[in-house]
Amino acid sequence: MMHSLAVCLWVAACFTWTSAIYHPHRQAVHKKLRYLLEPPVYPEVSAQRGANTTLPCLLRLKPPRYKVKWTKLEAPRLGVENIILITNGHDQRGYGSLGPRASLRRAHTLDASLRIANLSLEDDGRYRCELVNGLEDESVTITLRIEGVVFPYQSRNGRYRLNFQEAKDACEGQDARLATYPQLYRAWTEGLDWCNAGWLDDGTVHYPIIQPREPCGGKLLLPGIRSYGPKDKAGERFDAFCFTSSSAGQVFFVGGRLSYTEAVKACGVQGAKIAQVGHLYAAWRFSGLDRCDGGWLEDGSVRFPIATPRQHCGGLPEPGVRSFGFPDKALHTYGVYCYR
Ligand SMILES: *[C@@H]1O[C@H](CO)[C@@H](O)[C@H](O)[C@H]1NC(C)=O
Ligand SMILES: *[C@@H]1O[C@H](CO)[C@@H](O)[C@H](O)[C@H]1NC(C)=O
């Protein structure tokens, strides 16, 4: 099972994979893996939010008459196919919400690759390029991965207060969206260890553990993603795992001993807005923002981003965004993180 592997071995898995590429003639030993993860062998393209990307799809031969149909593969909604673009080799037509941002690359006559402009968080997922030829329809599937960061999110009212819809809204209020399972899994391989269970976008609930310990599923289980499976979306309450990516704006710190209201004003004076939690995580991950001062954020929480861990800045050995929770908004104690 992929979620029962120690994370330190992930690196070894990558190494094994790399050496296989460099020694193509070496006979592969087909032994059932116990410790190492099978390396990913599926085609994947990755890019940040706001970027343009191309999903490759090439014809080997050109049939006299054909259509190429690009669709996004999503959990079936009433059997509706999520078409993005159809071309007959001459004309093309876009459909749905992705249509206006989609076009064909057409680098040469056999090229049916799909370009998507201004990527959004929702574009993450699997896409199918299908050749409709009457007799022998064929298709290939490509995964588009939006590069980003997963962060756990708790209500200001405390632990396990969010039903599914509230968790979804909470992420969207922080320049993010509920993470998918592959996003959470990847975040775990990159070091995310969190002992509170949170909703994912498919209505399942999980938490990622790197250091097995008593209050987090016990010491006997291997490191991995602990799964509660699908939960009652309306009736049960957990935290959320949100996903965000780089954003066009910039995050900066304004110092002082400010209340929340003064913090909002301090950003306004700079022609900016008080930053959301997703903005701070994105700046930490993509711009290496590192600041040892707690600052207000839009949701009323106080956090600070640490890229280079050091003793007097929270003391934790791992880089991360630290939180002071949700202090009294009238306290004149913190600076503020602004977004512009
Ligand atoms: C994306 O492509 C458009 C033209 O299609 C271009 O104007 C824009 O600068 C590109 N954006 C990025 C981030 O490269
Ligand atoms: C890109 O998309 C975002 C919304 O996702 C929008 O606010 C922004 O204006 C778009 N940028 C361009 C260059 O179209």
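Every number for a ligand or one of its atoms is a count from 1 in the order of the listing. Numbers here simply count residues along the sequence, with the first being 1.
- At a 3.5 angstrom cut-off on N or O pairs, Arg115 does not count as close to ligand 1.
- Distance from atom 11 (N) of ligand 1 to its nearest protein heavy atom, with residue and atom name: Asn52 ND2, 3.0 Å.
- For atom 9 (O) of ligand 1, the protein comes within 4.0 Å by no heavy atom at all.
- Residues Lys69 and Glu81 are paired through a salt bridge, judged by an N-O separation under 4.0 Å between the basic side chain and the carboxylate.
- A donor and an acceptor atom, one from each side chain of Gln154 and Asp239, are located under 3.5 Å apart.
- Side-chain atoms of Asn82 and Glu74 include a donor-acceptor pair closer than 3.5 Å.
- Ring orientation note: the planes of Phe324 and Phe304 are tilted relative to one another, at an angle of 30° to 60°.
- No option in Thr180, Leu192, Leu200 other than Leu192 meets the side chain to side chain contact (heavy atoms under 4.5 Å, CB included) test with Val150.
- Distance check for atom 4 (C) of ligand 1: every protein heavy atom is found at 4.0 Å or beyond.
- At under 3.5 Å, a nitrogen or oxygen of Asn118, whether backbone or side chain, sits near a nitrogen or oxygen of ligand 2.
- Counting only heavy atoms of the protein, atom 13 (C) of ligand 1 lies nearest to Gly50 O, 3.8 Å.
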